[in-house]
Enquirer: 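What follows is a structure written as structure tokens; I'll ask about it next.
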Amino acid sequence: QAEPASRVGLIQALDGTEMEPQWESLRHAYGPATDVPSMLSAAATDLRPGHQADSTWFKLWSALCHQGDAYTASYAAVPSLIRIAESPSFRTRYDPLLLAASIELARLEGFGPEIPEGLAPPYRTALSRGLEIAKAALESGELNEDSIQAFRACTAAFHGQSLAARNILGEGDESAV
């Protein structure tokens, strides 16, 4: 069962209440992020892989982590990506977690702006939950080799280990590990 569309795009405030990010004040690779909530809603039910150019996941990757860069809207989207990853339809699909992990890698490596103050607590909480989901997926025994690699990279990224994550993805300098 996919995440209800009404909850996708919301972030949880420190007091536990859900709130809608001010998408009009956030930016992604192509400008104002007002289209991100509708993309997140569509992604919650789009089971096509992110490398398919007509998938919602491809569009989200292009907007939120374009050529390895992150944006203010990227940080606001991470809690929704983790919510999608929690849904039964995505428990063994890595697209939402790998996008969240890639956003974190961009941040760790200086390829994104500072996290806006109001988005930092839900972003960090979402990363912690993403780590739990990635570990559970790896322990499930239901994954193919590509999925194992992706979830291992997510685990490293969510631990703040960018070099390890890049090496797992085959993008790093193997001699540096």
Enquirer: Would the distance check show the side chain of R48 and the main-chain N or O of D54 forming a donor-acceptor pair, the cut-off being under 3.5 Å?
Expert: yes
Enquirer: Checking F58 against D46 for the side-chain contact (heavy atoms from CB on, under 4.5 Å) test, could you report, in this order, the C-alpha distance in whole Å, the side-chain angles of both residues, the deciding distance, and whether it holds?
Expert: CA-CA 11 Å; F58 187 89; D46 190 346; over 6 Å; no
Enquirer: Is the distance from the ring center of Y30 to that of H66 below 6.0 Å?
Expert: yes
Enquirer: Check step by step if side chain to side chain donor-acceptor pair (under 3.5 Å) holds for N144 and S147.
Expert: CA-CA 5 Å; N144 63 29; S147 297; 3.0 Å; yes
Enquirer: L138 vs I148, test: side-chain contact (heavy atoms from CB on, under 4.5 Å). Steps then yes/no.
Expert: CA-CA 6 Å; L138 286 167; I148 291 169; 4.1 Å; yes
Enquirer: Using modelled atom types only, decide if a donor and an acceptor are shared between the side chain of R93 and the backbone of L47 within a distance under 3.5 Å.
Expert: yes
Enquirer: Given D95 and L60, is the side-chain contact (heavy atoms from CB on, under 4.5 Å) satisfied, shown in steps?
Expert: CA-CA 10 Å; D95 285 298; L60 275 171; over 6 Å; no
Enquirer: Within the side chain of S55, is there an N or O that forms a donor-acceptor pair under 3.5 Å with the backbone of P49?
Expert: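 Yes; at least one donor-acceptor contact below 3.5 Å.
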Enquirer: Can you name the one residue among T125, L127, L99 that meets side-chain contact (heavy atoms from CB on, under 4.5 Å) with V78?
Expert: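 Looking at T125, L127, L99, the match for V78 under the side-chain contact (heavy atoms from CB on, under 4.5 Å) is L127.
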Enquirer: Can E86 and R83 be counted as an ion pair, charged N to O under 4.0 angstrom?
Expert: no
Enquirer: Does any non-hydrogen side-chain atom of L26 lie less than 4.5 Å from one of Y75?
Expert: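 The answer is no, as the side chains (C-beta and beyond) never meet within the 4.5 Å cut-off.
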Enquirer: I'd like to know if K135 pairs up with E132 as an ion pair, taking the criterion as any Lys NZ or Arg NE/NH1/NH2 lying under 4.0 Å from an Asp or Glu carboxylate oxygen.
Expert: no
Enquirer: So if I apply the side chain to side chain donor-acceptor pair (under 3.5 Å) rule between H28 and each of T34, D35, T72, which one comes out positive?
Expert: D35
Enquirer: Show your working on side-chain contact (heavy atoms from CB on, under 4.5 Å) between Y94 and L143 and close with a plain yes or no.
Expert: CA-CA 10 Å; Y94 57 79; L143 305 176; over 6 Å; no
Enquirer: So, S41 side chain and S38 main chain: donor-acceptor pair closer than 3.5 Å or not?
Expert: no
Enquirer: For the side chain of Q149 and the backbone of I168, is there at least one donor-acceptor N/O pair under 3.5 Å apart?
Expert: yes
Enquirer: Can you check whether Y123 reaches E104 side chain to side chain, under 4.5 Å on heavy atoms?
Expert: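 With C-beta onward as the side chain, the pair touches.
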Enquirer: Is any side-chain N of the basic residue among R166 and E109 closer than 4.0 Å to the acidic one's carboxylate O?
Expert: yes
Enquirer: Taking W23 for its side chain and V36 for its backbone only, find out whether a donor-acceptor pair lies under 3.5 Å.
Expert: no
